[in-house]
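One structure is given here, and the rest of the page talks about it.
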Amino acid sequence: MSTYRVITQTAELEALRSRLLAEPVLGVDTETTALDPYQGRIRLLQIATPEDIFVLDLFALGLQALDILRPVLEGEQPVKVLHNAKFDAKMLRHHAGIELGRVFDTMLASQLVAAGDMTKRHGLADVAQRYLRERVEKAPQLSDWSGELSRGQLEYAARDVAILLPLRQALIQQLKELGLIRAAKLEFECVLPTAAMELAGMPFDVERWRALVEAWEQRRAHLEEALQSELAPVATQMDLFGRAEIAINLNSPHQVLTGLRRLGLTVEGTSELDLLPYRDHPVVRLLLEYRSVQKLLSTFGRGFLEHRHPVTGRLHGDFHQIGTPTGRYSCSDPNIQQVPNLPEIRACFRAPAGRRLIVADYSQIELRILAEFSQDPKMLEAFLNGLDLHRMTASWMFKVPPEAVTKEQRAIAKTINFGLMYGMGAASLAARIAEVRERTDISLAEAEALIASYFEIYRRVGEWLRAAGDTAVSVRHSRSQSGRLWRFQFDPSDREQVAAIQRLGKNFPIQGTGADILKRAMRLVYDALRPYKAQIVNSIHDEIVVEVAEDHAPEVAELVRERMIAAGREFIKTVPIEVEVVISEAWTK
DNA sequence: CAGAGTAGCCAC
DNA sequence: AAACGTGGCTACTCTG
């Protein structure tokens, strides 16, 4: 390793700035006293050039010293190479108001190169080993960075940042070979918006939430009592009066299944679908409601309270930028992408006084992508004329005028429109339509006939889907519009596996392009918000939530809409993109 | 006793 | 018989 220089004197920084500004590429890393930017401080900022390593001790220098390096860190040049840049971006933004510009993230690059293989790990040590055959020690990362630093710690900090430059070279090679340069640019430009969104967090009305939780707890107690008395006759043991001594654990699918069978219900499992035939049975009704209340209480009720940030009082999800092979974000701790869409729950996500939430979501983005890819004349016609696609589909399928389409017909058309994008077959379509029709059964033949009439109307959609599925199987990969890649490993002699790959081949380009568009929108919206006291606070696959000062809400809402549409147009040329925007005090549409 | 696997269910 | 895509979370249950 080249030698490193520890910098503790502000006087050294002016010369360093000129030196660094002349470099095309820098490795950048930080060491912090905690992982949470609101609770930890930045101790070290390490910067690597191909020749030298600089370790800045920010406890000695003070945070304001970073102002001197602001042009280096914020500018388009040099390129900053980081591993998991989101982390450092949050720290630098929160503590020094610095917005990292022009990032190359070796973790995201490695995830793109993995091309959908979610078993691969992407820690710095894993990636260095995989692409450079070098061992990197990560143990000191978790050491105490707040006191006197040992030589070992400083050497670790220096080694960590130095490896980023050769790592970038190796990864650029891979990205080029796999045609992933455009996808990488998209991801890198999304890092700062993602970091800012996490820092901002979702506003959360904890008092309103507590009131909800109490109501749920009462309801659950009531349901539990009712269920136990219904199940008493079949409970494991009885007391002298024939009452259940050992109650059934209502949270145990196995025990519940046993209980239901003893009551005479012939069921495979206890899922909602399994219980559909018995939906009017009193025990089943109680059980399903118990489950839904229990889910609300366990996952959300207590979970959100535990995750409420001690400093901000808000919910800061951990967004995994490439959390899925399709390029969608995933989110955890808590997952604020899966908040139940119930008015009383969404009402707890409420902008602070004087502020508003802008909820902007793409209208039917995936179906528009399908129309674009397939260039199906009928589907294009519906979108180009701004018509209700599901209604038009029903009108064409059932050969009735659009205004005569019944609710049920529209619901069936909607089910097919969405289902076919997932590669759904006749059997599951029949099951879904049975749900739509509220227990009126539908035969396999009937479902097949519906699919046939659908593809008679949307012939090109059918052709595109078939080709997408077949191509995925023959070339063993699939791409989104940005070039994002998913490589498929499967046994071609296994019909089930082949069918699964065909479904992925149909779905991935659509879902993946949806993710491309949203990520582009994250960047464009983030840039547009700069002049305002506004911030992105959540992002859910086809939706962006922005918090803004009340006075600027209408203006910013229009800006958000424009930027989201502009993002869509970069990928979708012939189909119009529509974005629905609502300004509200809470997260409601 | 920690980790893995499973069922069930929340989002898009 | 099932075969509808992508995730995360909780609780139960089994395993070593």
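None of the values given here were measured: they were computed from a predicted structure. The sequence lines fix the lettering, A, B, ..., with proteins before strands; numbering per chain opens at 1.
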Notebook entry, point to check: Do side-chain atoms of A:Thr513 reach the backbone of A:Ile510 as a donor and acceptor pair under 3.5 angstrom?
Noted result: no
With the side chain defined as heavy atoms from C-beta on, A:Gln255 is closest, among B:dC10, C:dT13, C:dT10, to C:dT13
A:Ile345 CD1 to B:dA11 C1', in whole Å, measures 12 Å
Here the distance between atom P of C:dA11 and atom CD of A:Gln294, to the nearest Å, is 7 Å
Handout entry: Pairing of A:Lys120 and A:Asp126 as salt bridge, 4.0 angstrom limit
Key = no
Closest to the side chain of A:Asp274, out of C:dT10, C:dG8, B:dG8, is B:dG8
Query raised in the report: Would you say a side-chain N or O of A:Ser332 is under 4.0 Å from OP1 or OP2 of C:dG7?
Result: no
Next on the checklist: Between A:Phe204 and A:His309, is the ring centroid distance below 6.0 Å?
Outcome noted: no
Ranking B:dC9, C:dG5, B:dA7 by distance to the side chain of A:Pro253, first place goes to B:dA7
**Prompt:** Does the B:dC9 base have a donor-acceptor partner in the side chain of A:Lys295 within less than 3.5 Å?
**Reply:** yes
Between CZ of A:Phe319 and P of C:dT6 the distance, given in whole Å, is 21 Å
- Query: B:dC10 phosphate, OP1 or OP2: any side-chain N/O from A:Asn341 under 4.0 angstrom?
  - Reply: no
Under 4.0 angstrom between A:Ser252 side-chain N/O and B:dA7 OP1 or OP2: no
Between the NE2 atom in A:His222 and the CD atom in A:Glu289, the distance rounded to the nearest 0.5 Å is 7.5 Å
When rounded to whole Å, the CZ to P distance for the pair A:Arg291 and B:dC10 reads 10 Å
query = Taking OP1 and OP2 of C:dA3, is either one under 4.0 Å from a side-chain nitrogen or oxygen of A:Gln502?
reply = no
N/O (side chain, A:Thr326) to phosphate O (OP1/OP2, C:dT6) under 4.0 Å:
no
Rounded to whole Å, OH of A:Tyr422 lies from P of B:dC12 at a distance of 11 Å
Side-chain contact check for A:Arg346: nearest option of B:dC12, C:dG7, B:dC10 is B:dC12
Of C:dG5, C:dA11, B:dC9, the nucleotide closest to the side chain of A:Asn251 is C:dA11
Check the phosphate of C:dG7 against A:Arg328, side-chain N and O only, distance under 4.0 Å to OP1 or OP2. Yes or no? no
Result for 5'-nearest mapping on DNA chain C, choosing between A:Glu496 and A:His541, is A:Glu496
(message) Can a side-chain donor-acceptor contact be found between A:Thr266 and A:Tyr278 if the only test is distance below 3.5 angstrom?
(response) yes
Atom CG of A:Leu297 and atom P of B:dC10 are separated, to the nearest Å, by 13 Å
Out of B:dC12, C:dG7, B:dG8, minimum distance to the side chain of A:Thr270 belongs to B:dG8
query: Counting any heavy atom closer than 4.0 Å, what does A:Arg302 reach on the DNA or RNA strands: base, sugar-phosphate only, or nothing?
result: sugar-phosphate
| said: Quick one: does any side-chain atom of A:Ser453 pair with a main-chain N or O of A:Leu450 as donor and acceptor, under 3.5 Å? | reply: yes
From CD of A:Gln338 across to C1' of C:dT6 the rounded distance in Å is 13 Å
_Atom P, compared across B:dC9 and C:dA1: separation rounded to whole Å_ = 24 Å
Notebook entry, point to check: Touch check for A:Leu504, heavy atoms < 4.0 angstrom, all strands: base, sugar-phosphate only, or nothing?
Noted result: sugar-phosphate
*Determine the interatomic distance between P on B:dA7 and the same-named atom on C:dA3; round to the nearest Å.*
12 Å
Original post:
How would you label the contact of A:Gln511 with the nucleic acid (heavy atoms, under 4.0 Å): base, sugar-phosphate, or nothing?
Top reply: base
Rounding to 0.5 Å, atoms CG (A:Leu504) and NZ (A:Lys506) come to a distance of 11.0 Å
Exercise for review: Pick base, sugar-phosphate or nothing for A:Glu272, based on heavy-atom distances below 4.0 Å to the nucleic acid.
Suggested key: sugar-phosphate
When rounded to whole Å, the CE to P distance for the pair A:Met421 and C:dA3 reads 20 Å
